[in-house]
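Report on one structure; see the data block that follows.
Count residues from 1 along the sequence. Atoms within each ligand, like the ligands themselves, are counted from 1 in listed order.
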Amino acid sequence: MPSAPLVVFYSSAYVVKGKSETVTKSGVVAELIAAGQAGAVQLRAPKPVTRKELEAIHAPAYVRSTFEEKESFLEVGPWSQELLGSILASTGGMRDAVNEALLHGRSGSLSSGLHHARRAAGNGFCQFNGLALAALEALKEVGRVGILDLDAHAGGGTFDILGDDERVSLADVTVNGFDSWEPTVPARHFYVDVGDPRTYLDEVERALRHLEPVEFLIYNAGMDTFEKAGGMKGITKEIIRKREQRVVQWARQRKVPYIFALAGGYTWGGLTLEQVAELHLETVKAFAR
Ligand SMILES: [Zn+2]
């Protein structure tokens, strides 16, 4: 069992007040962590992602337009320096989490808005694909990386960027058809759209089995699967808790470094932002234990 505190990347630059959950909830999660509610966790500010790093995962023209077209819309709202700064900080958090996990076994970043971003375009509140960035960072040190995507929606952007990369395995368990993708290489691609909440944890188990040969795990820990956070009726908090414990147990048994991103989780099912943050805290707690 790891003994050093879990390091989680976050800075106040992640938060842009008055916008959607994607750029607000991390601040509330960070407050709960700072209050000791997730156990032994140390928050650390990341280095923002650079243009050069982004050009390794995105088309240079798309990166340029995101930085320079100040009349445009970003995925989370009208272009502003503050919003761009939030995206760059929280994307960079994923890279720093990888390097922390390579040193100490585990880490995470309070980042959201990653997995729908394609090579040449943003999509679904996601401007840049921090999961793809994390995978390429990990691949500097290990031979094979797995991305486990348990957000309610599918990671079509991650597939667009990394689907052809032979060093990357993708496992995606969704409860919603948004941004679906078709596996092209059965040995490396697992995709299931769950129709019955009673089979959800079994499908997570199948996804983990599919990732069996990987040497580094990137976990997109979306909470929008939860029945009251915009997810599927029947997926309870207890199921979510078991899910988080199982992912962590899997990585620890295999001695595979593992990191998380917050991913989706919304107030439109009737939860307050604080309740959404408490859900995300389940991931942090499971990693910190
Ligand atoms: Zn989602």
Would H115 count as a contact for the Zn ion (ligand 1), in the sense that one of its N, O or S atoms lies under 2.8 Å from it?
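Checking H115: none of its N, O or S atoms is under 2.8 Å.
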Work out the angle at the Zn ion (ligand 1) between OD1 of D151 and ND1 of H153, rounded to 10°.
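Rounded to 10°, it measures 100°.
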Examine distances only and state if a side-chain atom of E215 and a backbone atom of G143 form a donor-acceptor pair shorter than 3.5 Å.
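Checked: pair present.
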In terms of the angle between their ring planes, are F178 and H116 parallel, tilted or perpendicular, with boundaries placed at 30° and 60°?
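If you compare the ring of F178 with that of H116, the planes turn out perpendicular.
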Relative to each other, are the rings of Y14 and Y10 parallel, tilted or perpendicular (30° and 60° limits)?
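Rings of Y14 and Y10: perpendicular, over 60°.
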Out of the N/O/S atoms in D224, what is the name of the one closest to the Zn ion (ligand 1)?
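Of all N, O or S atoms belonging to D224, OD2 is the one nearest the Zn ion (ligand 1).
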Cation-pi check, R51 onto F67 ring (under 6.0 Å, within 45° of axis):
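Yes.
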